[in-house]
There are 2 protein chains.
Amino acid sequence: MKKRPVTSQQVAELAGVSQSAVSRCFSPKASIAPKTKAKVLAAAKQLGYRPNAIARSLITRSSRTIAVVMSQLDNPFYAQMLEYASRRFQQHGYHLLLFMSSDEQETTSVMSDILQSQADGILMLAATLSSSLAKECVARGIPVVMINRTVAFEGVSQVASDNYHGGYWVGCHLVESGCERIAFLAGLADSSTSSQRRQGFLDALAEHGAACWAEAIGDYDFATAQAATRALFSRDVYPDAVFAANDHMAIAVIDTLKAELGLQVPQDVAVVGFDNIPVAAWPSYQLTTVQQPIEAMVDEATALLLGQIASGQVTGERKVLPVTPIVRASAVSGT
Amino acid sequence: MKKRPVTSQQVAELAGVSQSAVSRCFSPKASIAPKTKAKVLAAAKQLGYRPNAIARSLITRSSRTIAVVMSQLDNPFYAQMLEYASRRFQQHGYHLLLFMSSDEQETTSVMSDILQSQADGILMLAATLSSSLAKECVARGIPVVMINRTVAFEGVSQVASDNYHGGYWVGCHLVESGCERIAFLAGLADSSTSSQRRQGFLDALAEHGAACWAEAIGDYDFATAQAATRALFSRDVYPDAVFAANDHMAIAVIDTLKAELGLQVPQDVAVVGFDNIPVAAWPSYQLTTVQQPIEAMVDEATALLLGQIASGQVTGERKVLPVTPIVRASAVSGT
DNA sequence: CTGTTAGCGCATTCAG
DNA sequence: CTGAATGCGCTAACAG
């Protein structure tokens with residue numbers, strides 16, 4: 001049977017002090033005589049007392065909880081973010097309440113749960129947020145930070161890596177490597193990350209007097225990217241380079257090229273990805289890619305959320321963090 | 001500035017009913033006249049009212065929250081589990097509070113946070129739990145379920161896949177495929193999963209009158225597994241098969257064999273893993289492995305936790321779920 | 001079916 | 001510095 005937890009009242013009785021004295025012992029900033037504190041702590045230890053965070057939240061109006069919304073944990077990139085974010089917030093005495101939500105409809109119901117949960121802030125990783133929901137959060141004064149997402153609403157903050165310049169670098173790198181028939185494999189159609197990378201890439205090509213040779217859509221999904229690869233390489237003349245909007249798809253491209261089409265990377269086709277997930281460094285792939293500053297992004301998001309929580313102001317800032325090109329064997333200069 | 005949320009009291013005033021009437025409208029099982037309910041819901045919508053879950057938890061003594069403790073999210077196997085568990089609990093109106101904890105010392109401090117959080121249950125994924133902490137949870141009547149972990153304490157429940165028979169199958173499969181110099185690559189030294197897989201494997205070999213040709217330790221880590229592979233293959237006569245205690249290491253073995261040692265899989269060396277992570281199916285690897293029933297394991301853990309929460313009894317059950325051999329190209333019969 | 005009442009466990013006034 | 005009193009927002013008896 002579930003026992004009733006020990007309360008501060010019981011500790012107070014055992015220690016021969018008032019309940020408020022006990023409370024003060026567990027509040028960092030309250031003033032309490034060392035002697036009474038010792039008595040109280042002794043009694044607390046004896047009874048196995050732990051302050052009830054729920055009761056505390058009710059009165060302080062702060063749950064010390066951040067709601068994080070994710071759509072996919074199978075992408076290691078987001079898994080890494082989540083792990084790091086959790087550790088980061090833990091350091092500041094906050095904990096993450098996890099919500100999975102794939103489609104926008106689900107997000108609506110999830111958002112309702114979040115609002116009820118009294119989370120002090122919301123961290124959106126890879127999920128879409130309708131502007132009406134965003135508006136509701138802002139109206140309630142709950143700070144929202146989105147990572148690598150765009151939403152057409154003022155109140156929410158955004159942290160992103162410099163997708164445009166990442167794409168731009170890829171374009172330059174491939175042209176300068178001598179590639180002439182460069183294809184782009186997009187992620188999700190409505191994803192801002194994919195379209196920003198694409199735009200930078202196209203602009204780079206244009207500045208070099210080149211153009212994108214072919215495009216396909218891979219939905220950030222392995223199987224879809226494989227199908228797209230087959231389509232891109234079904235003609236007699238096929239691309240001599242593929243820029244995939246993320247590493248996961250780039251891996252799919254390489255695998256399909258090698259296993260099904262008998263093509264060599266980078267001898268026959270150069271391949272570049274985006275993210276620099278751990279797999280990209282594996283010997284089988286040696287994927288040239290653009291590294292996103294995961295930790296810096298999370299640090300920024302953490303600072304934004306905690307800052308807004310502390311000040312009680314929701315501001316809606318935008319931060320763009322620099323990316324780092326990583327040249328590996330899948331697309332080297334002078335190929 | 002953070003606005004004070006609207007309370008049931010305010011809704012009651014607007015609707016011209018008592019505060020408890022409002023409360024009943026948001027409790028599924030309470031009886032309320034359809035007419036008053038309509039009035040209340042109208043007022044609630046007008047004010048944008050959401051019940052405060054914190055206040056509810058305080059009085060119901062149930063946070064509808066499960067604490068999950070993880071040590072690594074970079075292993076896709078655990079990431080998948082977390083995602084599925086989150087969705088599963090969400091369906092039942094529970095949410096996950098995420099705690100990251102690598103070493104045992106950290107677990108102690110994390111456990112303190114969990115106890116304060118008033119979580120209704122604890123789900124341990126890939127983390128060690130000292131028996132003193134386990135005892136404290138049980139003493140408080142908080143159900144604990146560990147997945148794929150062993151702890152020397154009565155009160156906690158455990159869900160595991162049948163590691164022994166998985167290892168046993170691998171042993172049989174390799175011997176029957178004609179392999180004669182079979183090596184084992186262990187995970188973490190103190191991990192029960194690794195040692196159970198190993199034991200089943202060794203028993204299978206013994207029953208076929210064979211023995212393990214060599215052993216090494218890969219710590220469930222890519223780089224360590226690579227180093228171990230180099231060591232295993234440094235002699236003139238090298239293994240003709242490697243059983244790695246998980247897929248992640250098996251991938252490292254294959255990559256090292258192909259990229260560094262110029263060996264073919266499975267022609268020169270057969271490789272088998274464990275888990276059946278998504279990568280195992282990729283064309284470059286085609287890894288023969290043993291699939292763990294992730295969803296069934298999580299379903300079982302969910303049922304165990306929710307059942308114990310509902311009954312108020314912590315029982316400490318053990319469940320072992322069957323595994324499924326997956327034969328792919330990296331180790332086929334008759335090689 | 002509805003309103004009234006009494007707390008849940010704790011932080012925070014306010015006197016002393 | 002300490003204790004007594006108050007109430008956070010809500011659910012759960014209890015009468016009506």
Side-chain angles (χ1 to χ4, degrees), chain A residues 2-41 43-44 47-65 93 115-120 140-141, chain B residues 2-41 43-44 47-65 93 115-120 140-141:
Chain A
K2 185 163 182 180
K3 293 146 175 71
R4 277 188 107 145
V6 185
T7 71
S8 59
Q9 184 60 53
Q10 298 170 29
V11 176
E13 281 163 19
L14 180 64
V17 299
S18 73
Q19 178 270 324
S20 31
V22 177
S23 171
R24 280 189 266 259
C25 290
F26 292 89
S27 300
K29 60 188 185 305
S31 59
I32 185 92
K35 207 172 146 186
T36 35
K37 181 160 187 176
K39 271 197 304 185
V40 170
L41 290 183
L47 296 176
Y49 169 73
R50 310 266 185 187
N52 182 328
I54 298 274
R56 174 179 294 176
S57 299
L58 185 58
I59 192 155
T60 60
R61 293 161 194 312
S62 146
S63 60
R64 298 194 79 77
T65 273
L115 262 9
Q116 295 189 24
S117 79
Q118 310 299 112
D120 295 337
R140 288 165 192 267
Chain B
K2 187 164 182 181
K3 295 148 174 71
R4 280 188 107 152
V6 292
T7 69
S8 58
Q9 184 60 53
Q10 297 169 29
V11 176
E13 281 163 18
L14 181 63
V17 297
S18 76
Q19 179 271 326
S20 38
V22 176
S23 171
R24 280 190 268 260
C25 290
F26 293 90
S27 298
K29 59 188 186 304
S31 59
I32 185 93
K35 207 173 147 186
T36 32
K37 181 161 186 174
K39 272 197 302 186
V40 169
L41 290 183
L47 296 177
Y49 169 73
R50 309 268 186 186
N52 182 328
I54 298 275
R56 174 180 296 176
S57 298
L58 185 58
I59 190 154
T60 60
R61 295 180 156 55
S62 144
S63 60
R64 298 196 79 78
T65 271
L115 262 10
Q116 295 189 25
S117 78
Q118 310 298 112
D120 295 338
R140 288 165 191 265

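A, B, ... follow the sequence lines: proteins, then strands. Residue 1 opens every chain. Predicted model, so just to flag it, every value in this text is computed and none were measured.
- Atom OG in A/Ser18 sits 6.0 Å away from atom CZ in A/Arg24 (nearest 0.5 Å).
- Minimum interatomic distance between B/Lys37 and B/Cys25 (heavy atoms only, all atoms of both residues): CA-SG, 3.8 Å.
- A/Ile32 comes within 4.0 angstrom of the backbone, heavy atoms only, and of no base.
- Atom OG1 of A/Thr65 is separated from atom CD1 of B/Ile54 by 7.0 Å, given to the nearest 0.5 angstrom.
- The two atoms that bring A/Ala43 and A/Ala15 nearest to each other are CB-CB, 3.8 Å, heavy atoms only.
- Considering every non-hydrogen atom in both A/Val17 and A/Lys39, the closest pair reads CG1-NZ, 4.1 Å.
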Determine, for nucleotides 9-16 of chain D in 5'-to-3' order, which nucleotides have protein heavy atoms under 4.0 Å from the base (write B), from only the sugar-phosphate (write S), or from neither (write -).
BBBBB---
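- No side-chain donor-acceptor contact under 3.5 Å links B/Ser62 and B/Thr60.
- Residue A/Tyr49 comes nearest to A/Val6 through the heavy atom pair CD1-O, 3.4 Å, listed as atom of the first residue, atom of the second, then distance.
- Dashed line: the shortest gap from a side-chain N or O of A/Thr36 to OP1 or OP2 of D/dT2 is under 4.0 Å.
- Each end of the helix from C/dC1-D/dG16 to C/dG16-D/dC1 gets its own axis, taken as the rotation carrying the C1' atoms of four end pairs onto the next four within a five-pair window, and the two axes meet at 30° to the nearest 10 degrees.
- Considering all non-hydrogen atoms of both residues, B/Ser63 and B/Gln118 come closest at OG-O, 2.8 Å.
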